[in-house]
Amino acid sequence: MEIPKTYDPKQAEELHYARWEREGCFAPEINADAQSPVYSIVIPPPNVTGSLHVGHALQHTIMDVLTRYHRMKGFRTLWLPGMDHAGISTQVMVERQLKKEGTSRHDLGREKFVERVWLWKEQYGGQILKQIRREGASVDWSRERFTMDEHLSRAVREFFVRCYDEGLIYRGPGMISWCPKDQTALSDLEVEKESQAGKLYYLQYPVKGSERRVTVATTRPETMLGDTAVAVNPADERYRDLVGQTLLLPIAGREIAVVADDFVDPEFGTGAVKVTPAHDPNDYAMGKRHNLPVVMVIDQNARMTVEAGAEFDGLDRYAARELVVEKFEELGLLEKVVDYEFAITKCGRCRTVIEPLVSTQWFLKQAELGRAPLELIREKHEPRFVPEVPYEKVYTNWLENLYDWTLSRQLWWGHRIPAWYDEAGRVYVARTEEEARAKAGTDKLTQDPDVLDTWFSSGLWPISTLGWPDETSPDLKTFYPTSVLVTARDIIFLWVSRMMMTGLKFTGRKAFDDVFITGTIFDKHGQRMSKTKGNGVDPLDVFDKYGVDATRLTLASIGSTDTRWNDSQVESYRNFANKIWNAARFCLLNSEGAQVGKGFEGEPKMWALHDRWIVSRLNRTARDVGRAIEEYQFHEAVYALYHFFWDDFCDWYIELSKSDVSGAEASTARDAARSRVLTVLEQALRLLHPFMPFLTEELWQKLPGVGAESLHPAYREADVTPTVMLAAFPLADASLIDEQAEAEMQSLIELISRVRNIRTELSVKPSEEVRLFISAAGNGLGQLFNASLSQIKRLTRAREVAFTDSTADVPRASARAVLAGGAEVAVPLEGLIDFAQERARIGREVEKLEKESQKLEAQLAYPQFVERAPAEKVEELRQRAADIRQRIGALGQMREALGE
RNA sequence: GCCCGCUUAGCUCAGUUGGUAGAGCGCUCGCUUCACACGCGAGAGGUUUCGUUGGUUCGAGUCCAACAGCGGGCACCA
């Protein structure tokens with residue numbers, strides 16, 4: 001068999017995925033056991049415009065690890081893929097394309113434009129889905145969904161109509177955030193606050209019929225043209241007499257009232273606030289309280305309206321600001337301007353400064369929908385957030401303070417609002433136009449031109465993809481609620497909470513048991529990755545450079561922690577993949593006569609130490625990895641796998657097995673040893689599979705003796721090429737976890753390490769063979785070492801090993817060491833030993849031990865410790881101290897033997 | 001302003017019932033040892049030490065309090 005020395009991931013990555021997919025390995029139907037427990041995940045649907053970024057790769061890796069693990073455990077496992085139509089993002093993308101062609105959506109008209117977006121979706125959308133295949137994600141493509149699929153659109157209309165009928169959705173004027181660039185209303189979650197250095201302008205308004213002026217402070221002087229009052233705190237002595245009086249609004253020349261309102265903080269600014277109900281959320285609320293007129297002075301393009309006055313009409317809001325300030329200065333009414341840092345609101349998508357406007361839109365009373373999820377999290381801590389801190393609290397706090405959700409968007413791409421108007425302007429909300437006509441009693445209806453917020457349909461994702469509103473849908477029955485939602489923290493409110501609301505409302509059950517929030521990946525300087533900064537890491541480049549499996553290990557170990565990306569981590573996992581490849585290469589090159597599953601016959605207690613030990617380590621690792629995955633401690637799982645495979649299996653087990661495995665003559669003993677190595681390798685590949693699907697499959701396929709019978713019972717009947725992804729995840733058999741074997745092996749490892757250490761310290765050439773004297777009879781290790789004689793010889797490059805009662809009898813010119821437990825080893829090195837140096841070497845050793853000894857003795861001499869600490873802890877320390885004393889004694893004798 | 005997280009080896013990070021400080025990378029030395037130089041072997045490196053200061057405890061990186069630096073989230077102070 002020809003196997004290259006270096007693992008090239010490309011081939012495996014191209015080879016296996018298509019077969020898995022073709023043979024239906026990803027679909028839950030592959031599992032023939034209807035009694036199996038169910039495990040399900042719905043993917044956070046990436047935007048149709050999207051391209052894979054490192055955050056996706058992180059989430060998908062976590063989801064795939066969970067999915068593959070549970071599938072191997074025999075669960076009926078579903079990971080459902082799909083995409084989001086991503087309203088604004090997609091529309092803007094297509095508009096940009098049209099612009100290049102010298103046309104626009106308005107030229108095309110609505111119908112043609114939407115057709116065009118669908119076309120675009122077919123052509124370019126779904127790029128990310130191809131990339132998801134590259135990641136090895138074991139999603140069930142037969143259940144792929146898109147938020148604008150007919151079925152999902154039906155779910156959207158059903159959601160809307162039911163909420164409208166219950167009075168949870170209403171249409172009406174309200175203060176909304178308007179993006180002048182995207183030309184649409186936005187919800188409060190789609191805007192971002194940013195602090196900004198600006199100015200605070202102190203403007204004076206004359207009091208009618210008096211010389212007196214009232215000073216108000218504002219960051220937006222241009223809005224004064226729309227002021228309809230000045231408010232003061234009712235308790236503020238300074239202004240008490242002014243309440244109810246009239247002010248003359250400069251420039252506009254309008255008369256406005258002074259009102260008293262508790263909202264006003266007397267401590268801030270001048271204690272008098274200009275009130276612009278049309279252009280500020282607080283002022284709007286205040287306006288409602290005091291019945292103030294609403295004067296719109298800024299339009300949807302962020303330009304001043306005719307209401308702002310002829311001089312301002314059509315002026316940009318910032319130009320108007322300058323002009324207002326100029327005029328105030330001319331009028332002598334500009335008191336002062338001070339530097340001031342304040343929060344500005346920007347469009348989360350395009351970063352344009354938001355214009356708060358009063359506008360007629362559709363709203364959802366979220367507070368009512370939020371009640372059920374709030375109760376659930378408060379009373380049962382469901383869903384379970386991982387990490388619990390801080391996300392459970394963040395989620396809870398948000399649910400406690402819900403505002404109405406602005407649903408309508410002035411876009412063309414999205415779910416059209418299912419509301420129709422008759423000629424009199426009466427509204428009919430219905431699932432279909434027919435239903436609306438029936439309600440209206442006329443077919444002269446016009447549908448509302450607006451579409452719904454993208455998150456309205458995303459919020460239904462777990463139930464709509466599984467079949468809701470068809471409540472009898474088998475998928476909904478089987479796979480809902482889903483097991484876990486894996487996502488980034490920035491959409492906990494936008495998405496996670498909404499799915500909980502809709503799930504609870506329409507099915508009475510939570511959308512998912514757990515919510516796993518991934519960490520954020522920064523660049524190596526700790527900066528957030530962003531397109532504009534160009535500091536992002538493209539996962540596809542990383543795949544090309546280091547392989548998908550190595551990247552997945554890196555991502556899995558990142559898990560929920562915020563971390564700075566560094567390639568060297570991936571490189572080390574690339575090296576690990578290569579290590580696995582070469583370990584398998586060794587096993588395969590020595591596989592003649594061997595078969596997976598054989599070699600471990602008979603009672604474990606009859607096995608050689610290293611065999612008992614590796615089986616113990618394997619079972620321990622299986623237990624730890626399984627436990628870690630189930631607790632979402634992916635870093636721990638990766639750590640356990642890495643060290644089991646590299647340290648235990650490669651560094652020790654394979655090395656200890658070499659003499660048995662690589663004998664020139666075929667024998668049953670050799671076959672058995674080869675089978676054992678292969679069997680451990682095969683089990684290790686299964687453990688690694690959820691993290692490294694491609695490499696493990698590539699190697700597993702090559703192993704002699706694997707086949708249909710290797711599969712988990714649930715998949716034995718399946719008509720598929722046997723694959724490691726359907727093999728049973730190794731069960732951790734507690735009875736095979738052998739503490740004694742592990743302790744004994746530790747002694748053997750220490751012996752070998754100490755001899756190697758002596759060789760290096762005394763510069764014995766690697767090629768030179770030595771003799772060893774071991775004195776271990778007194779502590780029961782003699783038999784143990786004797787049984788491993790050939791391994792000791794091989795790994796320490798010793799040509800002979802002699803057992804003695806004491807190393808006092810061995811040649812004086814020897815380097816010596818004392819092991820934990822008191823066994824001694826001596827390496828005669830005639831000509832290499834400088835007695836003074838060797839005494840010094842032993843002296844350093846004694847010094848180290850003495851330091852530790854002093855610490856222990858001090859603690860044992862401390863009466864309160866001995867009295868209050870648990871007895872077993874005290875005993876443990878006593879034994880350690882005794883062992884160290886004994887070793888110090890032995891070393892002392894050795895030093896004496898080397899005396900002048 | 002309120003809430004929260006982080007601060008451990010040169011770098012990136014683990015450290016889950018409080019009980020002898022860890023990994024990877026990097027560094028030093030030696031090895032083309034018949035799976036692997038993307039490797040093997042041996043080491044150095046945390047000033048009795050885990051941001052600082054106190055506290056609880058026989059015992060604290062681990063629990064509590066305060067402070068500092070950094071980073072988040074929330075917030076209708078013009």
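Lettering of chains follows the sequences in order, A, B, ..., and the numbering in each one begins at 1.
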**Request:** List the steps and the verdict of ring-ring contact (aromatic ring centres under 6.0 Å, His included) for A:Y546 and A:Y573.
**Result:** CA-CA 8 Å; A:Y546 300 107; A:Y573 287 127; over 10 Å; no
Please produce a list of atom pairs where a protein N or O lies less than 3.5 Å from an N or O of nucleotides 71-78 of chain B.
{"unit_1": "B:rC76", "atom_1": "O4'", "unit_2": "A:N282", "atom_2": "OD1", "d": "3.0"}
{"unit_1": "B:rC76", "atom_1": "O2'", "unit_2": "A:N282", "atom_2": "OD1", "d": "3.0"}
{"unit_1": "B:rC76", "atom_1": "O2'", "unit_2": "A:N282", "atom_2": "ND2", "d": "2.2"}
{"unit_1": "B:rC76", "atom_1": "N1", "unit_2": "A:N282", "atom_2": "OD1", "d": "3.1"}
{"unit_1": "B:rC76", "atom_1": "O2", "unit_2": "A:N282", "atom_2": "OD1", "d": "3.4"}
{"unit_1": "B:rC77", "atom_1": "O2", "unit_2": "A:D265", "atom_2": "OD2", "d": "2.9"}
{"unit_1": "B:rC77", "atom_1": "N3", "unit_2": "A:D265", "atom_2": "OD2", "d": "2.8"}
{"unit_1": "B:rA78", "atom_1": "OP2", "unit_2": "A:Y340", "atom_2": "OH", "d": "2.5"}
{"unit_1": "B:rA78", "atom_1": "O2'", "unit_2": "A:A217", "atom_2": "O", "d": "2.8"}
{"unit_1": "B:rA78", "atom_1": "N6", "unit_2": "A:D265", "atom_2": "O", "d": "2.5"}
{"unit_1": "B:rA78", "atom_1": "N6", "unit_2": "A:F268", "atom_2": "O", "d": "2.8"}
{"unit_1": "B:rA78", "atom_1": "N1", "unit_2": "A:D265", "atom_2": "N", "d": "3.2"}

**Message:** By nearest heavy atom, map A:Q633 and A:K851 onto RNA chain B; which one lands nearer the 5' end?
**Reply:** A:Q633
**Prompt:** Would a line drawn from the ring center of A:Y202 to the ring center of A:F328 be shorter than 6.0 Å?
**Reply:** no
**Request:** For the side chain of A:K873, starting at C-beta, report the closest nucleotide among B:rC4, B:rU20, B:rG19.
**Result:** B:rG19
**Fill in**
In B/S/- notation (B base, S sugar-phosphate only, - none; protein heavy atoms under 4.0 Å), nucleotides 36-47 of chain B written 5' to 3' is B-BSSSSS----
**Message:** Under 4.0 Å, counting only non-hydrogen atoms across every strand here, what does A:T561 touch: a base, just sugar-phosphate, or nothing?
**Reply:** sugar-phosphate
**Asked** Given the rule that a pair is Watson-Crick or G-U wobble with both distances under 3.5 Å, how would you write RNA chain B in dot-bracket, using | for pairs to a different strand?
**Response** (((((((..((((.....[..)))).(((((.......))))).......(((((..]....))))))))))))....
**Complete:** side-chain hydrogen bond (donor to acceptor under 3.5 Å, both in side chains) filter on A:S753, not counting sequence neighbours, yields none
**Request:** Check the angle between the aromatic planes of A:Y639 and A:H643 and answer parallel, tilted or perpendicular using the 30° and 60° thresholds.
**Result:** tilted
**Request:** Answer yes if the ring centres of A:F645 and A:F649 are under 6.0 angstrom apart, and no otherwise.
**Result:** yes
**Prompt:** Rounding to the closest angstrom, what is the interatomic distance between B:rA42 and B:rC25 at atom P?
**Reply:** 15 Å
Protein N or O to nucleotides 6-8 of chain B N or O, pairs below 3.5 Å:
none

Taking distance alone, no hydrogens or angles, what donor-acceptor pairs closer than 3.5 Å link side-chain atoms of residues 847-863 of chain A to residues at least two apart or in another chain?
{"unit_1": "A:E857", "atom_1": "OE2", "unit_2": "A:R885", "atom_2": "NH1", "d": "2.4"}
{"unit_1": "A:Y862", "atom_1": "OH", "unit_2": "A:Q864", "atom_2": "OE1", "d": "3.2"}

